[in-house]
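Values below: every heavy atom of this structure, side chains too, minus hydrogens, waters and symmetry copies.
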Amino acid sequence: MRKACLILLLFFPVKGNTQVLKNWYAEAQAAGGHSWYSNYRGHTLWHPHYKGGVNLVKMGGSLVGFGVGATFSGEGVSKRCDRLDTRAIENAYYVKVPLFARFLFCRARKIKPFADAGVEWGFFMGGQSWSVHDDKKSSKENTTVTNETDLGLFTRLGAQHCLNDRFVISGFGSYCHGLSQKHVLMGGTSPFITNRSIVIGIGLARML
């Protein structure tokens, strides 16, 4: 009788933990694309943007869920200066924390279109800046920003493919629209320069 009671006591905590993790999955994502700053219209060049991180997502039994994550992001801007043969390049690195809602457009199919929408907090971790004139680089300097905490809105559109009952692979495109002031712009109609980025990426998720 004592052994049976011990087995039951062990069973209930395990069952409880399983219920807590039900419909949760861990998702790793990697993406690359282009980043720029607002108010540099007409001067912006292509600048490599890359990011990678993990999310915890809970879908429940419906088509709507929510998620939270942690991401490393390398971004910045490349732009033409007043002299056409001179480019200014600025790299900035952030640790970002996205909080988002996820919408599935169906559940029964093996391939499921989805959309994410949410906010993303970024914490500035440093960077380097330099200029290029006649294919010669200037000495590098540390990137400085007006605001080291970045807040932005983002959206993702993509599709998931179920590999089996545990693993899901996905492809997506994403756009991030920064709201926090990064640099002060002297003159002009707007005093703000904020982050912008667009990427395509892949993800791999495992049910917990």
Under 4.5 Å between side-chain heavy atoms, chaining through other members, with only Ile, Leu, Val, Met, Phe, Trp and Tyr counted: pull out the rest of the cluster around [X], sorted by chain and number.
X	answer
Ile169	Leu163, Phe167, Leu204
Leu157	none
Val168	none

Hydrophobic cluster membership, [X] vs [Y], 4.5 Å side-chain cutoff:
X	Y	result
Val199	Phe154	no
Tyr25	Leu104	yes
Val97	Val54	no
Phe100	Met59	yes
Leu153	Ile198	no

- Query: Can you tell me if CD on Gln128 sees more than 12 non-hydrogen neighbours from other groups inside 6.0 Å?
  - Reply: yes

- Query: Near Asn164 CG, under 6.0 Å, is it more than 12 heavy atoms from other residues, nucleotides or ligands?
  - Reply: yes

Could you list the residues that satisfy side chain to side chain contact (heavy atoms under 4.5 Å, CB included) with [X], not counting sequence neighbours?
X	value
Ser78	Leu45, His47, Ile89
Lys110	His161, Cys162
Ala30	none
Pro48	Trp46

Which pair of heavy atoms, one from [X] and one from [Y], lies closest together, and at what distance?
X	Y	value
Ala70	Pro98	N-CD, 4.0 Å
Thr149	Asn147	N-OD1, 3.0 Å
Leu151	Trp121	CD1-NE1, 3.6 Å
Ile111	Ala159	CG2-CB, 4.3 Å
His49	Gly74	ND1-O, 2.8 Å

If I take atom [atom1] from residue [X] and atom [atom2] from residue [Y], how far apart are they, to the nearest 0.5 angstrom?
X	Y	atom1	atom2	result
Thr146	Lys182	OG1	NZ	9.0 Å
His34	Trp36	NE2	CH2	5.5 Å
Ser197	Glu120	OG	CD	7.5 Å

Donor-acceptor contact present, side-chain [X] to main-chain [Y], <3.5 Å:
X	Y	result
Asn55	Val57	no
Thr143	Asn91	yes
Ser131	Ala88	no

- Measure the shortest side-chain to side-chain distance between Arg196 and His177 over non-hydrogen atoms and say whether it is less than 4.5 angstrom. yes

- For Glu90, salt bridge (charged side-chain N to carboxylate O under 4.0 Å, His left out) partners two or more places apart: none

- Pairs in or reaching into residues 63-73: which pass side-chain hydrogen bond (donor to acceptor under 3.5 Å, both in side chains), with residues at least two apart or in two chains? Ser73-Glu75

- Message: Per the ring-ring contact (aromatic ring centres under 6.0 Å, His included) rule, what does the pair list look like for residues 54-79, sequence neighbours excluded?
- Response: Trp24-Phe66

- Message: Restricting to ring pair (Phe, Tyr, Trp, His ring centres under 6.0 Å), what partner residues turn up for Phe124, sequence neighbours left out?
- Response: Tyr94

- Yes or no on side-chain contact (heavy atoms from CB on, under 4.5 Å) for Leu208 and Leu56, after CA distance, side-chain angles and deciding distance? CA-CA 10 Å; Leu208 298 178; Leu56 280 176; 4.0 Å; yes

- Query: Is there any salt bridge (charged side-chain N to carboxylate O under 4.0 Å, His left out) pair reaching into residues 147-164, and which pairs are they, with sequence neighbours excluded?
  - Reply: Lys96-Asp150, Asp116-Arg156

